[in-house]
Amino acid sequence: MSSLSSPLPTVAVVGAGPGLGRAVARRFGTAGHPVALIARNADKLQDAADALAAEGITARAYPADVTDVKALTGALEAAAEELGRIGVLSYSPAPTFPNVAGRVPDLKELGFTPAAETTPESVRSMFDMLVGGALTAAAAVLPGMREAGDGALLFTTGTTALLPIPGMSNSGIALAGLRSWAQGLHNDLADEGVYVGHLCIGVPIIPGSGEGDPDALAERWYQLARARDTFETTVGF
(Lines give C-alpha, C1' and ligand atoms only; values in the text may rest on other atoms or scores of the structure.)
Protein backbone atom coordinates (compact mmCIF):
# COMPACT_ATOMS: atom_id res chain seq x y z
CA MET A 1 0.00 0.00 0.00
CA SER A 2 1.36 3.44 -0.87
CA SER A 3 2.10 5.89 1.93
CA LEU A 4 -0.22 8.74 2.78
CA SER A 5 0.91 12.24 1.89
CA SER A 6 1.79 14.31 4.96
CA PRO A 7 4.13 17.27 5.45
CA LEU A 8 5.13 15.87 8.84
CA PRO A 9 6.69 12.49 9.60
CA THR A 10 4.78 9.68 11.27
CA VAL A 11 4.83 9.26 15.03
CA ALA A 12 4.93 5.62 16.15
CA VAL A 13 3.55 5.18 19.67
CA VAL A 14 4.74 1.84 21.01
CA GLY A 15 2.80 1.06 24.16
CA ALA A 16 -0.33 2.89 23.06
CA GLY A 17 -2.38 2.26 26.19
CA PRO A 18 -5.31 4.37 27.42
CA GLY A 19 -3.12 6.69 29.52
CA LEU A 20 0.17 8.21 28.42
CA GLY A 21 0.37 6.42 25.07
CA ARG A 22 -3.01 7.72 23.96
CA ALA A 23 -2.15 11.21 25.18
CA VAL A 24 1.15 11.27 23.27
CA ALA A 25 -0.63 10.10 20.14
CA ARG A 26 -3.24 12.84 20.51
CA ARG A 27 -0.66 15.60 21.17
CA PHE A 28 1.49 14.81 18.16
CA GLY A 29 -1.54 13.98 16.05
CA THR A 30 -3.22 17.32 16.67
CA ALA A 31 0.03 18.96 15.56
CA GLY A 32 -0.38 17.27 12.18
CA HIS A 33 1.67 14.08 12.49
CA PRO A 34 0.15 10.82 11.26
CA VAL A 35 0.06 8.39 14.18
CA ALA A 36 0.83 4.66 14.25
CA LEU A 37 -0.51 2.97 17.38
CA ILE A 38 1.24 -0.21 18.52
CA ALA A 39 0.18 -2.45 21.40
CA ARG A 40 -0.88 -6.05 21.97
CA ASN A 41 -4.68 -5.84 22.16
CA ALA A 42 -5.99 -5.44 18.61
CA ASP A 43 -9.56 -4.53 19.59
CA LYS A 44 -8.58 -1.85 22.10
CA LEU A 45 -5.99 -0.51 19.69
CA GLN A 46 -8.55 -0.17 16.90
CA ASP A 47 -10.92 1.59 19.28
CA ALA A 48 -8.14 4.05 20.11
CA ALA A 49 -7.41 4.65 16.43
CA ASP A 50 -11.10 5.21 15.73
CA ALA A 51 -11.38 7.66 18.64
CA LEU A 52 -8.40 9.66 17.41
CA ALA A 53 -9.74 9.62 13.85
CA ALA A 54 -12.99 11.08 15.16
CA GLU A 55 -10.91 13.99 16.44
CA GLY A 56 -9.49 14.58 12.98
CA ILE A 57 -6.19 12.79 13.56
CA THR A 58 -4.74 10.39 11.01
CA ALA A 59 -4.25 7.28 13.11
CA ARG A 60 -3.93 3.57 12.37
CA ALA A 61 -3.61 0.50 14.55
CA TYR A 62 -0.74 -1.97 14.19
CA PRO A 63 -1.16 -4.73 16.80
CA ALA A 64 2.10 -6.28 18.00
CA ASP A 65 3.64 -7.63 21.18
CA VAL A 66 6.84 -5.69 21.94
CA THR A 67 8.56 -8.90 23.02
CA ASP A 68 8.02 -10.41 19.56
CA VAL A 69 10.87 -9.10 17.43
CA LYS A 70 9.34 -10.12 14.10
CA ALA A 71 5.88 -8.75 14.93
CA LEU A 72 7.12 -5.42 16.28
CA THR A 73 9.51 -4.89 13.38
CA GLY A 74 6.78 -5.78 10.92
CA ALA A 75 4.32 -3.37 12.56
CA LEU A 76 6.78 -0.49 12.31
CA GLU A 77 7.64 -1.33 8.72
CA ALA A 78 3.94 -1.49 7.79
CA ALA A 79 3.32 1.85 9.49
CA ALA A 80 6.15 3.51 7.56
CA GLU A 81 4.85 2.09 4.29
CA GLU A 82 1.26 3.17 4.86
CA LEU A 83 1.65 6.45 6.75
CA GLY A 84 5.07 7.67 5.67
CA ARG A 85 8.53 7.76 7.21
CA ILE A 86 8.61 7.33 10.97
CA GLY A 87 10.24 10.48 12.31
CA VAL A 88 9.30 10.07 15.98
CA LEU A 89 9.28 6.90 18.06
CA SER A 90 7.63 7.05 21.47
CA TYR A 91 8.39 3.95 23.53
CA SER A 92 6.54 3.49 26.81
CA PRO A 93 5.23 -0.06 27.37
CA ALA A 94 4.77 -0.87 31.05
CA PRO A 95 2.65 -2.99 33.36
CA THR A 96 -0.78 -1.40 33.65
CA PHE A 97 -1.20 0.35 36.98
CA PRO A 98 -4.65 1.29 38.26
CA ASN A 99 -5.23 4.92 37.32
CA VAL A 100 -7.51 5.67 40.25
CA ALA A 101 -6.31 8.02 42.96
CA GLY A 102 -5.88 6.22 46.28
CA ARG A 103 -5.85 2.72 44.87
CA VAL A 104 -2.68 0.83 45.81
CA PRO A 105 -1.49 -1.63 43.16
CA ASP A 106 -0.44 -5.20 43.96
CA LEU A 107 3.18 -5.10 42.81
CA LYS A 108 3.68 -8.87 42.75
CA GLU A 109 0.50 -9.29 40.71
CA LEU A 110 1.95 -6.83 38.19
CA GLY A 111 5.16 -8.86 37.91
CA PHE A 112 7.46 -6.83 40.16
CA THR A 113 9.81 -8.46 42.67
CA PRO A 114 11.63 -7.18 45.78
CA ALA A 115 15.42 -7.34 45.76
CA ALA A 116 15.71 -10.51 47.83
CA GLU A 117 13.24 -12.33 45.56
CA THR A 118 14.58 -11.09 42.22
CA THR A 119 15.71 -13.89 39.93
CA PRO A 120 17.13 -14.03 36.42
CA GLU A 121 13.67 -15.08 35.23
CA SER A 122 11.90 -12.14 36.91
CA VAL A 123 14.41 -9.70 35.43
CA ARG A 124 14.18 -11.32 32.01
CA SER A 125 10.45 -10.72 31.74
CA MET A 126 10.94 -7.03 32.54
CA PHE A 127 13.95 -6.79 30.25
CA ASP A 128 12.09 -8.26 27.30
CA MET A 129 9.26 -5.73 27.65
CA LEU A 130 11.13 -2.62 28.74
CA VAL A 131 14.51 -2.99 27.05
CA GLY A 132 14.29 -5.69 24.39
CA GLY A 133 11.33 -4.03 22.71
CA ALA A 134 13.09 -0.66 22.79
CA LEU A 135 16.13 -2.15 21.07
CA THR A 136 13.93 -3.81 18.44
CA ALA A 137 11.92 -0.65 17.77
CA ALA A 138 14.99 1.55 17.52
CA ALA A 139 16.67 -0.85 15.11
CA ALA A 140 13.57 -0.76 12.89
CA VAL A 141 13.30 3.03 12.62
CA LEU A 142 16.87 4.29 12.98
CA PRO A 143 18.05 3.56 9.42
CA GLY A 144 15.33 5.80 7.99
CA MET A 145 16.03 8.54 10.53
CA ARG A 146 19.76 8.50 9.87
CA GLU A 147 19.23 8.56 6.13
CA ALA A 148 16.93 11.57 6.49
CA GLY A 149 19.26 13.23 8.99
CA ASP A 150 16.31 13.83 11.28
CA GLY A 151 14.31 11.92 13.87
CA ALA A 152 13.48 11.54 17.53
CA LEU A 153 13.51 8.52 19.83
CA LEU A 154 11.56 9.15 23.03
CA PHE A 155 11.88 6.69 25.91
CA THR A 156 9.62 6.91 28.97
CA THR A 157 10.53 5.24 32.25
CA GLY A 158 9.52 5.35 35.90
CA THR A 159 11.14 6.03 39.24
CA THR A 160 13.19 2.82 39.34
CA ALA A 161 15.29 4.03 36.42
CA LEU A 162 16.82 6.50 38.88
CA LEU A 163 16.00 5.33 42.40
CA PRO A 164 15.34 1.91 43.97
CA ILE A 165 11.79 1.24 45.16
CA PRO A 166 11.03 -1.60 47.59
CA GLY A 167 9.28 -4.40 45.76
CA MET A 168 10.31 -3.28 42.26
CA SER A 169 13.94 -4.32 41.94
CA ASN A 170 13.54 -6.31 38.74
CA SER A 171 12.12 -3.33 36.87
CA GLY A 172 14.91 -1.17 38.27
CA ILE A 173 17.54 -3.40 36.68
CA ALA A 174 15.78 -3.11 33.33
CA LEU A 175 14.92 0.60 33.40
CA ALA A 176 18.30 1.74 34.68
CA GLY A 177 19.84 -0.21 31.83
CA LEU A 178 17.43 1.33 29.32
CA ARG A 179 18.29 4.82 30.54
CA SER A 180 22.03 4.14 30.29
CA TRP A 181 21.69 2.79 26.74
CA ALA A 182 19.45 5.67 25.67
CA GLN A 183 21.95 8.22 26.95
CA GLY A 184 24.72 6.48 25.06
CA LEU A 185 22.58 6.52 21.92
CA HIS A 186 21.85 10.22 22.50
CA ASN A 187 25.58 10.90 22.49
CA ASP A 188 26.29 8.66 19.51
CA LEU A 189 23.64 10.27 17.29
CA ALA A 190 24.06 13.89 18.37
CA ASP A 191 25.85 14.87 15.17
CA GLU A 192 23.45 13.05 12.85
CA GLY A 193 20.29 15.06 13.49
CA VAL A 194 18.61 12.26 15.42
CA TYR A 195 17.48 13.21 18.92
CA VAL A 196 17.21 10.71 21.77
CA GLY A 197 15.35 11.75 24.91
CA HIS A 198 14.36 10.26 28.26
CA LEU A 199 11.42 11.21 30.45
CA CYS A 200 11.39 9.66 33.93
CA ILE A 201 8.02 9.86 35.67
CA GLY A 202 8.04 9.65 39.46
CA VAL A 203 4.33 10.25 40.07
CA PRO A 204 1.21 8.16 39.36
CA ILE A 205 -0.19 8.80 35.88
CA ILE A 206 -3.74 9.83 36.68
CA PRO A 207 -6.05 12.13 34.70
CA GLY A 208 -6.59 15.44 36.41
CA SER A 209 -3.64 14.98 38.80
CA GLY A 210 -1.59 17.97 37.73
CA GLU A 211 1.91 17.06 36.57
CA GLY A 212 0.93 13.37 36.47
CA ASP A 213 -1.96 14.01 34.10
CA PRO A 214 -1.38 12.10 30.83
CA ASP A 215 -2.02 15.20 28.72
CA ALA A 216 0.46 17.23 30.79
CA LEU A 217 3.10 14.52 30.34
CA ALA A 218 2.40 14.33 26.61
CA GLU A 219 2.88 18.09 26.38
CA ARG A 220 6.26 17.73 28.09
CA TRP A 221 7.27 15.15 25.51
CA TYR A 222 6.06 17.28 22.64
CA GLN A 223 8.01 20.31 23.82
CA LEU A 224 11.13 18.27 24.58
CA ALA A 225 11.04 16.66 21.14
CA ARG A 226 10.79 20.10 19.55
CA ALA A 227 13.48 21.79 21.65
CA ARG A 228 15.93 18.85 21.64
CA ASP A 229 18.11 20.75 24.12
CA THR A 230 18.52 18.12 26.82
CA PHE A 231 18.64 14.35 27.04
CA GLU A 232 16.55 13.98 30.14
CA THR A 233 13.73 15.52 32.09
CA THR A 234 11.99 14.24 35.20
CA VAL A 235 8.57 14.62 36.80
CA GLY A 236 7.96 14.22 40.51
CA PHE A 237 11.57 14.16 41.72
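All of these numbers come straight from a predicted model, not from anything done at the bench.
Residues R228 and Y195 approach most closely at CD-CB, 3.6 Å, considering heavy atoms. Shortest non-hydrogen contact noted between A137 and L89 is CB-CD2, 3.8 Å. Annotation for A25 and L37: closest pair CB-CD2, 3.6 Å, computed over non-hydrogen atoms. When all heavy atoms of T10 and L83 are compared, the closest pair comes out as OG1-O, 3.2 Å. Taking both residues in full, the closest heavy atoms of A42 and P63 are given as CB-CG, 3.7 Å, listed atom of the first, atom of the second, then distance. The minimum heavy-atom distance linking F155 with A134 is given by the pair CE2-CB, 3.8 Å.
If you chain together hydrophobic residues whose side chains sit under 4.5 Å apart, L189 and L135 fall into the same group. Transitive grouping of hydrophobic side chains (ILVMFWY, heavy atoms separated by less than 4.5 Å) keeps V131 and V123 in distinct clusters. Cluster annotation: M129 and W181 are assigned to the same hydrophobic cluster (Ile/Leu/Val/Met/Phe/Trp/Tyr, side-chain heavy-atom contacts under 4.5 Å, transitive). Taken together through direct or relayed side-chain contacts under 4.5 Å among Ile, Leu, Val, Met, Phe, Trp and Tyr, V69 and I38 form parts of separate hydrophobic clusters.
Considering only heavy atoms from C-beta on, L110 stays 4.5 Å or farther from D106 through its side chain. Contact annotation: the side chain of L199 approaches that of V235 to within less than 4.5 Å [non-hydrogen atoms, C-beta and beyond]. Between R85 and E147 the shortest side-chain heavy-atom distance does not fall below 4.5 Å. With contacts defined as side-chain heavy-atom distances shorter than 4.5 Å, the pair L153/M145 qualifies. In this structure the side chain of I173 never reaches within 4.5 angstrom of the side chain of M126, judged on heavy atoms. Contact of the V13 side chain with the V35 side chain is registered, since non-hydrogen atoms from C-beta on lie closer than 4.5 Å. Using a 4.5 Å cut-off on side-chain heavy atoms (C-beta onward), L224 and T230 make contact. When side chains are defined from C-beta on, L162 counts as touching F237, because their heavy atoms get closer than 4.5 Å.
Sequence neighbours left out, the pairs with a member in residues 50-59 that pass salt bridge (charged side-chain N to carboxylate O under 4.0 Å, His left out) are R26-E55. Counting only residues at least two apart or on different chains, no salt bridge (charged side-chain N to carboxylate O under 4.0 Å, His left out) pair has a member in residues 196-209. Sequence neighbours left out, the pairs with a member in residues 172-200 that pass salt bridge (charged side-chain N to carboxylate O under 4.0 Å, His left out) are R146-E192, R179-E232. For residues 66-78, the side chain to side chain donor-acceptor pair (under 3.5 Å) pairs, not counting sequence neighbours, are D65-T67. A salt bridge (charged side-chain N to carboxylate O under 4.0 Å, His left out) check over residues 8-23, counting only residues at least two apart or in different chains, returns nothing.
For E121, the CD atom counts as densely surrounded, since its 6.0 Å shell holds more than 12 non-hydrogen atoms of other residues, nucleotides or ligands.
Applying the side chain to side chain donor-acceptor pair (under 3.5 Å) criterion to Y91, with sequence neighbours excluded, gives no partner residue. With sequence neighbours left out, K44 forms a side chain to side chain donor-acceptor pair (under 3.5 Å) with no residue at all. Every residue meeting the ring-ring contact (aromatic ring centres under 6.0 Å, His included) condition with F28, not counting sequence neighbours, appears here in chain and number order: H33, Y222. Not a single salt bridge (Lys or Arg N to Asp or Glu O under 4.0 Å) links E211 to another residue, sequence neighbours left out. Here S92 pairs with nothing under the side chain to side chain donor-acceptor pair (under 3.5 Å) rule; sequence neighbours left out. By the side chain to side chain donor-acceptor pair (under 3.5 Å) test, N41 is found to be paired with no residue, residues two or more places apart in sequence or in another chain being considered. The side chain to side chain contact (heavy atoms under 4.5 Å, CB included) test applied to A218 returns A23, V24, R27, not counting sequence neighbours.
A donor atom on one side chain and an acceptor atom on the other are found under 3.5 Å apart for T160 and S171.
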